[in-house]
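For reference, the structure is listed below as structure tokens.
Remember, it's 1-based here, ligands and their atoms both numbered in the order they're listed.
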Amino acid sequence: MEALAQTVTITLPDGSTRKVPSGTSLREIAAGIGPRLAKDALAGKIDGRVVDLSARVEADARIEIVTPKSPDALALYRHSTAHLTANAVKRLFPTVQIGIGPAIENGYYYDFNPERPFTPDDLSAIEAEMKRIIAEDNPVERLEMTKDEAIRIFDAQKDALKVEIIRGIPDDRVSCYRQKDFVDLCRGPHVPSTGKLGVFKLTHTAGAYWKGDEKNPMLQRIYAACFLTQKELDEHLARLEEARARDHRKLGRELDLFSFDPLAPASPFFHPKGAVVYNGLLSFLREEYRRRGYDEVVTPQIFDAELFRISGHYTNYKENMYFTEVEEREFGVKPMNCPGHFLLYRTRLWSYRDLPVRFADFGRLHRYELSGVTAGLTRVRTFSQDDAHIFAPLEKVESEIFGFLEFVDTVYGAFGFEDVEISLGLRPPKRMGSDAIWDRAEEALATALTKSGRPHVVTPGDGAFYGPKIDFRVKDAIGRPWQLGTIQCDFSQPENFDLTYVGEDGARHRPVVLHRAILGSLERFIGILIEHTGGNFPFWIAPVQAVVIPVSDRFGEKARELAGRLSAAGLRVECDDRNEKLGARIRKAEMQKAPCMLVVGEKEADSGTVAVRLRHGGDAGTMSIEEFVAAAGRAVAARSAELTTEVKDR
Ligand SMILES: [Zn+2]
Ligand SMILES: [Zn+2]
């Protein structure tokens, strides 16, 4: 009878059961199933909880062995590799204090308190030491102890940061993990030995405040990429490399598009070439607005603070606004166009026949962003949006949404954003407006999406407190997602501003306001567009569409004359007639990512033709100047990315 009490039943993932003595470790169970599984095992699961392989089964339970193929393996592997990094750092820099080292997306980090910042050479040395520790294949063991015992260990290791963490833990007992010469405070679980690790790359360091608090000392954070297979790591590193090459801050400098000055923090200066792109976006949108029944308006920059009291910005958004005082009156610089548009709407009486009315505004907005969070064009303090407000009766919301979806496709298509994710945000728990209004508005949005045949996800609770919304996220050329467009119903501001229209029944009704943008901030969009295209702007919006290059001095005049003709035809053209080798000038035009180069030599000068070289396609043959102008015109009209098809179709 006693022997029976010491046996427990384990259920494996395939549903089979086994009886094992109580106290059997997961490692022993894995070995019992098969030598291959024992070799691959990284950890185990008891009743769904991930535990060390050394954990023992004391009662009937569902058991699973975690191998590199398990969904649970990655976080564990990354965190064990973080311990490995700290182990190596302590060996190389015994006086360095260790902080924390969690797994994150694509890898992990570990915070340290070194006497001097780690250099790239240090990172190489740490990696080499990590490889040595992997080769040693040191067992990783779990130790449970009282807090006092743990404090003694970390005092001896001179790890004051860890001691601080332990003092802050409410429990009496803590767990640590030891791998030979290194102990770290940790809840675990971990891989059974350092030999299980190996697929990682220390990528960079950055400053990070201890516990994320800027009042605390600044630590050095080592970031690492870490995956279960070398292939995944290599692919990730290639993506990082690709992202670095596309970094809009770097390309913005190289292509002379924009810059920043400390005297205007986080506020971009667009250089002439950047301004071409900026204005190209405006012209594009204005053209679409004209086709789609939008009216552009121009509204003030600065308003009496009273406006923002009515709109609620003064209570809810004050920290992000700029204020000024004139004649003892407080003024706010607008962070959004909407409140101004409501004043404009109120300047006349509207009939249901006038609606929807669509006010578009490229007004300059200012929002205060903490300096720490500003980075290039993606987060700036001054910007302009492709912003518009649509005032519509509730029953017209559906058709407005339907039209907007088509508008969004046109705009994203012009930049080659093909992968668009749409999400429909429904009512949050805290909201204004009756359930009847919400029912109708949500229904209108959902119906428009369904009728347009666009796949979308529904996110309950994700709507704004003032109404449901649809958000648009695009994936760029290397698969990174960017939130761009939005259309949001608003039942709240029409109340605040007492907006009305006269209905068919002759009575006053409240319109719904739709806040909508497709690109969002133009500044941020330009940053995204640079990264998406790698600086190879679509032909129609490229700052320089063609560079004319004479093969030698002799054809300089002919080339300048040609450039003049192309400019007169409306193309953006530069002539590189510098006294430099032809190859060097072609190389420069390529570096500037001009969509095409027009080379002029003896044959071309005599026959009034140009030899066309395309950015990606190479040699596109010789054609007359008229043919080239016509091809370029077609490319602009079609908003083509490259001239490839247009020059073929000439
Ligand atoms: Zn840990
Ligand atoms: Zn708005």
Side-chain angles (χ1 to χ4, degrees), residues 43 50-52 75-87 89-90 98-104 108-112 140-144 150 153-154 159 161-162 165-166 169 174-179 182-191 194 197 224 226 294 297 299 303 307-308 310-313 316-317 334-345 357-363 365 367 383-392 400 404 464-467 469-471 485-494 496-497 499 511-518 520-521:
V50 186
V51 293
D52 296 313
L76 174 93
Y77 187 88
R78 284 178 174 157
H79 186 53
S80 290
T81 311
H83 277 218
L84 178 67
T85 302
N87 190 170
V89 167
K90 282 298 245 190
I98 57 175
I100 57 162
I104 54 172
Y108 63 88
Y109 66 75
Y110 211 112
D111 287 342
F112 300 96
V140 178
E141 29 167 353
R142 181 182 174 90
L143 314 167
E144 292 181 12
I153 290 178
F154 289 102
D159 276 319
L161 297 174
K162 285 283 170 192
I165 296 178
I166 297 167
I169 295 176
V174 295
S175 62
C176 291
Y177 280 77
R178 176 195 299 282
Q179 46 199 55
F182 174 75
V183 181
D184 200 348
L185 175 76
C186 192
R187 269 193 295 266
H190 279 283
V191 300
T194 58
L197 304 171
C226 181
Y294 284 75
V297 297
T299 53
F303 292 87
L307 176 72
F308 301 110
I310 302 171
S311 69
H313 286 93
N316 300 312
Y317 203 70
K334 69 176 170 189
M336 296 176 194
N337 290 309
C338 354
H341 288 189
F342 303 146
L343 296 186
L344 182 59
Y345 181 88
V357 54
R358 307 177 188 92
F359 289 156
D361 198 329
F362 295 112
L365 308 175
R367 292 180 195 172
F383 56 95
S384 145
Q385 294 179 324
D386 63 331
D387 191 17
H389 294 97
I390 302 173
F391 300 81
E400 282 306 300
F404 182 70
F465 79 90
Y466 47 76
K469 63 170 184 173
I470 299 174
D471 286 329
T486 186
I487 185 161
Q488 314 189 341
C489 290
D490 188 343
F491 317 130
S492 168
Q493 295 291 19
N496 295 342
F497 284 87
L499 306 181
V512 174
V513 167
L514 299 171
H515 307 255
R516 40 67 70 221
I518 299 176
S521 141

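Shortest distance from the Zn ion (ligand 2) to H515 is reached at ND1 (N/O/S atoms only).
To the nearest 10 degrees, the angle centred on the Zn ion (ligand 2) between SG in C338 and NE2 in H389 reads 100°. Geometry about the Zn ion (ligand 1) gives an angle of 110° between NE2 of H83 and NE2 of H79, rounded in steps of 10 degrees.
None of the N, O or S atoms belonging to H190 lies under 2.8 Å away from the Zn ion (ligand 1).
Between H190 and H83, the ring planes lie tilted relative to each other; the angle falls in the 30° to 60° range. Relative ring orientation between Y466 and H515 is described as tilted, the plane-to-plane angle lying within the 30° to 60° band.
Not one N or O on the side chain of R78 forms a donor-acceptor pair closer than 3.5 Å with the backbone of Y109.
For an aromatic pair to be called close, the ring centres must be under 6.0 Å apart, and Y110 with F112 satisfies this.
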